[in-house]
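Below: the structure, in structure tokens.
In each ligand, atom 1 is the first atom listed, and ligand 1 is the first ligand listed. Any value given below was found using the heavy atoms of this structure, including those in side chains, with hydrogens, waters and symmetry copies removed. If you're wondering where the values come from, they're calculated on a predicted model, not measured in any experiment.
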Amino acid sequence: MRQPMVAGNWKMNGSSDSVKELIAGIKAGMDSVSKAEVVVCPPAVYIPRVAGAAADSEIKVGSQNICDEDKGAFTGEISGEMLKDVGCEYAIIGHSERRALYGESDELVAKRFAAARRNGIKPIFCIGETLEERESGTTNDVCARQIDAVIALEGVEALADGVIAYEPVWAIGTGKTATPEQAQEVHAFIRGKIAALNADVADGLRILYGGSMNAGNAKELIGQPDIDGGLIGGASLKAEDFLAICTAAN
Ligand code: 13P
């Protein structure tokens, strides 16, 4: 049985005061969450504060990125060791905003995946197609290519150390969620592709859905056989909404 996971990607939102309030609100509602592993990924500067507040709870903390290198002259980057030092257990890797706005290639994303693993941080590895790619019928090819970059560098077994988040780019922040059938179809493809290389890894691997998931649609999405939880953007910024998604996995 795969334990469901609900992770909040806070993106570049919040302040010292608001993150304090948000994590306190999530903590206060954790009693109602019986199944899901709950993770929050604040902006890097707020990780120590949030990790401190979450320390005596079941809530885990992740970063929104991780440097592919471990130390030295990499201005603006944050290493796996540093993230670990301030309490991160997870790191989002290859988010479509990083790929599209900051030019992260499949190869760089794979190197970041490797950096997370060697520092004992679990990657939340994001993949997904743009609207144009979906409309031209290449959704599966795009997802396969993004996964293959990690497999080429680290081997298929490496996927067991993290989770995959399927986030169709056209569904992110748009209010346009993939239908449960659309999402399930891609999740099944991803699992099948990995199963062809290693059935055990595929069977144990959690594949999250991300893209306008909210309290209203979470239950049906997470209810699909190959959808093991969600990576939540906008709806993770309000404790009540985020908790409603976490409990949808109960
Ligand atoms: P939204 O939930 O705001 O669509 O964002 C999804 C996302 O990008 C999570 O990483």
Test item: Arg191 side-chain N/O and Ala202 main-chain N/O as donor-acceptor pair under 3.5 Å:
yes
At their closest point, which heavy atom of Cys88 faces which heavy atom of Gly62, and how far apart are they?
SG-C, 3.8 Å
Look at atom 2 (O) of ligand 1 and say which protein heavy atom is nearest, naming residue and atom and giving the distance to 0.1 Å.
Gly233 N, 2.9 Å
Write down the atom of Leu208, the atom of Leu231, and the distance for their closest heavy-atom approach.
CB-N, 4.2 Å
Determine yes or no for a side-chain-to-main-chain donor-acceptor pair under 3.5 angstrom, with Gln184 supplying the side chain and Asp226 the backbone.
yes
Keeping the roles fixed (side chain from Arg98, backbone from Glu104), state whether a donor-acceptor pair exists under 3.5 Å.
no
Using a strict cut-off of 4.0 Å, indicate which atoms of ligand 1 neighbour a heavy atom of Leu231.
9 (C), 10 (O)
closest protein heavy atom to atom 3 (O) of ligand 1 is Gly234 N, 2.8 Å
Residue selection (non-hydrogen contact nearest atom 9 (C) of ligand 1) among Lys176, Met213, Glu167, Glu97:
Glu167
Please verify the inter-ring angle class for His187 with Tyr209; under 30° counts as parallel, over 60° as perpendicular, anything in between as tilted.
tilted
Counting distance only, does the side-chain N/O of Thr177 pair as donor-acceptor with the main-chain N or O of Ser212 below 3.5 Å?
yes
Would you check whether Ala235 reaches within less than 4.0 Å of ligand 1, judged by its heavy atoms?
no
At under 4.0 Å between heavy atoms, is it the side chain or the backbone of Ala171 that contacts ligand 1, or both, or neither?
backbone
Checking Arg49 against Tyr46: charged group under 6.0 Å from the ring centre and within 45 degrees of the axis?
no
Side chain, backbone, both or neither: which part of Ile172 has a heavy atom under 4.0 Å from ligand 1?
both
For ligand 1, which is the ligand I care about here, please tell me if Thr174 has any N or O atom under 3.5 Å from one of the ligand's N or O atoms.
no
Can you list the ligand 1 atoms lying under 4.0 Å from a non-hydrogen atom of Gly211?
4 (O), 6 (C)
Gly173 heavy atoms, cut-off 4.0 Å: which ligand 1 atoms fall inside?
1 (P), 3 (O), 4 (O)
Gly175, Ser212, Ala7, Gly128: member with heavy atom nearest to atom 1 (P) of ligand 1
Ser212
